[in-house]
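The structure appears right after this line, and notes come after that.
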Amino acid sequence: MALIVQKYGGTSVGSIERIKAIAERIKFAKDQGHDVVVSVSAMGDSTNKLIALSRQVFSDKNMTQDCSREMDVLLSSGEQVSASLLAMSLQEIGIAACSLLGHQVSIQTDAKHRRARIDSIGTERLVETIKLGQVPIVAGFQGVTSKGDVTTLGRGGSDTTAVALAAALNADECQIYTDVDGIYTTDPRIEPGARKLDQITYEEMLELSSLGSQIMQTRAMEFANKCHIPIRVLSSFNSDFTTQGNGTLITNKYNDAEAPLVAGITFTRDESEINIRNLPDMPGMAYKILKPISEQDIEVDMIVQSATRDGHIDFSFTVHRENFAKALLSVEKTSLNFENTLINSNAHVVKLSVVGVGMRSHAGVATTIFEALANEGINIRMISTSEIKVSVLIDENLLDKGVRCLHKAFALNQKKET
Ligand code: ADP
Ligand code: ASP
Ligand code: MG
């Protein structure tokens with residue numbers, strides 16, 4: 001008998017029919033003698049619909065008001081609906097269940113509304129519920145501040161709820177049920193030939209998530225990487241309810257001593273690039289440009305500074321597209337302090353990344369990337385590397401072509417049946 005945390009994403013609870021199907025899956029795990037704790041997302045695209053509703057009453061064009069507290073009250077309602085419907089569906093098939101909201105299980109967070117971080121989870125109510133023979137159905141994505149205000153954990157935050165619950169309860173496995181049957185070498189929506197991985201390391205999945213792979217929220221992977229909770233990504237649409245050996249296991253290391261060179265390829269769509277030319281080459285220039293940007297809580301991603309030319313440099317960086325206007329305004333203001341600067345910007349760029357722990361021991365990955373992109377006539381605008389990843393910035397309309405050519409260059413396609 002094991003303690004299993006199961007998380008069901010939006011598509012998996014997208015309709016009453018789906019919720020009933022999930023109830024049967026939970027019943028199967030219970031019938032096998034396991035203790036099950038469930039965390040759910042909001043039904044289908046209901047979070048997007050709630051955001052659209054808010055836009056009808058609140059325009060943040062001037063960015064003078066902060067409605068993030070109210071947004072959290074609004075957005076957290078989506079998970080409340082699915083948690084209660086799933087609990088009722090379970091009761092209907094004879095399984096005792098109890099829906100629980102974030103504050104009821106003391107999912108304590110900081111007060112950063114819309115992207116709060118979990119500080120702690122109280123396990124008392126969960127343990128009590130399990131002891132009563134009930135399945136706790138925890139509303140994902142939400143928490144509560146020390147003041148008692150509702151918070152949400154950022155888009156895709158139910159993944160983090162599930163992993164944090166699994167860590168707090170010291171669960172045997174955290175199962176993430178979604179609309180694909182595991183983690184693939186790249187998003188199968190872009191490359192239909194993508195191959196499902198049997199396993200992947202925490203480190204690789206953390207890198208893939210932070211570089212855009214939406215299948216697991218980055219913060220969920222940060223938790224998992226710290227606590228080493230075994231995570232299995234599975235399809236909730238699979239009629240086979242057994243989990244052993246299915247899906248993709250996110251784990252500490254590969255069984256196989258030889259890690260693959262490249263585990264996967266990922267991308268972030270909403271990038272933007274700002275370039276300032278002819279800045280004087282002097283100490284503190286990067287600080288002068290980037291300080292006012294970080295003061296607005298804007299995260300800068302890739303940074304490139306050219307070699308000095310007649311005492312001048314060019315400085316380029318990227319930010320998420322939603323922060324483009326603010327960052328550009330800030331750069332325009334700062335550059336007024338210097339003569340003859342020239343600003344170029346582009347809000348139609350994307351970042352492609354190739355990730356794999358095998359890169360540590362193999363040279364030449366970057367060359368393969370550059371060759372593959374060159375052969376397709378894809379221009380690289382910026383490059384950044386770390387021990388286990390190489391990222392390139394390219395035009396947004398070349399995204400699909402770029403993903404597919406890199407997938408091919410590293411021979412990641414499905415192995416052909418012989
Ligand atoms: P959920 O609603 O269950 O949380 P998400 O939409 O957040 O599901 O994540 C699942 C989606 O992630 C898949 O439908 C798939 O298109 C996308 N995805 C992106 N990268 C990958 C990858 N490497 N492997 C599998 N799916 C991926
Ligand atoms: N419902 C939230 C979202 O759409 C949280 C989640 O699905 O994980 O982002
Ligand atoms: Mg998700």
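Worth saying up front: this structure is predicted, and the values here are computed from it rather than measured. Counting convention: from 1, in listed order, for ligands and their atoms alike.
Residue contact annotation: Glu79 has a non-hydrogen atom under 4.0 Å from ligand 2. The shortest separation from a heavy atom of Gly182 to ligand 1 is under 4.0 Å, placing the residue in contact. The closest approach between Gly10 and ligand 2 stays at or above 4.0 Å for every heavy atom of the residue. Heavy-atom distances between Gly264 and ligand 1 stay at or above 4.0 Å for every pair. For Gly78, the closest heavy-atom approach to ligand 2 does not fall below 4.0 Å. For Gly156, the closest heavy-atom approach to ligand 1 does not fall below 4.0 Å.
Residue, atom and distance of the protein heavy atom nearest to atom 2 (O) of ligand 1 are Gly10 N, 3.2 Å. For atom 9 (O) of ligand 2, the closest heavy atom belonging to the protein is Arg155 NE, 2.7 Å.
Thr152 and Asp72 are linked by a side-chain donor-acceptor pair at a separation below 3.5 angstrom, with hydrogens and angles left out of the test. With no hydrogens or angles considered, no side-chain donor-acceptor pair links Thr161 and Ser39 at under 3.5 Å. A side-chain donor from one of Asn48 and Arg155 sits under 3.5 Å from a side-chain acceptor of the other. Checked by atom type, the side-chain pair Ser209/Thr218 shows no donor-acceptor distance below 3.5 Å.
Taking a cut-off of under 4.0 Å to the non-hydrogen atoms of Ile183, the atoms of ligand 1 that pass are 24 (N). Ligand-side atoms of ligand 1 in range of Asp179: 10 (C), 11 (C), 13 (C), 14 (O), range being under 4.0 angstrom from any heavy atom. The contact set between ligand 1 and Arg189, taken as ligand atoms under 4.0 Å from a residue heavy atom, comprises 11 (C), 13 (C), 14 (O), 15 (C), 16 (O), 17 (C).
An N or O contact shorter than 3.5 Å links Thr47 to ligand 2 by distance. The shortest N or O to N or O distance between Asp159 and ligand 1 is not below 3.5 Å. Taking distance alone, with nitrogen or oxygen atoms compared against 3.5 Å, Thr185 stays at or beyond that limit from ligand 1.
Contact annotation for Pro188 and ligand 1: only side-chain heavy atoms (C-beta onward) come within less than 4.0 Å of the ligand. The backbone of Thr186, and not its side chain, has at least one atom closer than 4.0 Å to an atom of ligand 1 (non-hydrogen atoms only; backbone = N, CA, C, O). By the criterion of a heavy-atom distance under 4.0 Å, the side chain of Val180, and not its backbone, is placed next to ligand 1.
For the side chain to side chain contact (heavy atoms under 4.5 Å, CB included) criterion with Ile183, the lone passing option out of Ile231, Asp198, Leu197 is Leu197. Each of Thr243, Asn238, Thr242 was scored for a side-chain hydrogen bond (donor to acceptor under 3.5 Å, both in side chains) with Asp240, with one residue passing: Thr242.
Residue Asp187 holds the heavy atom nearest to atom 18 (N) of ligand 1 of all those in Asp187, Thr178, Ile265. Here atom 7 (O) of ligand 1 lies nearest to Gln214 when heavy atoms of Lys7, Gln217, Gln214 are compared.
Salt bridge annotation for Glu222-Arg117: present, with a cationic side-chain nitrogen under 4.0 angstrom from a carboxylate oxygen. Salt bridge present: Arg381 and Asp395 bring a charged side-chain N and a carboxylate O closer than 4.0 Å. The pair Glu24-Lys20 does not count as a salt bridge, with every side-chain nitrogen at least 4.0 angstrom from each carboxylate oxygen. Between Asp181 and Lys196 there is no salt bridge, since no side-chain N of the basic residue sits under 4.0 Å from a carboxylate O of the acidic one.
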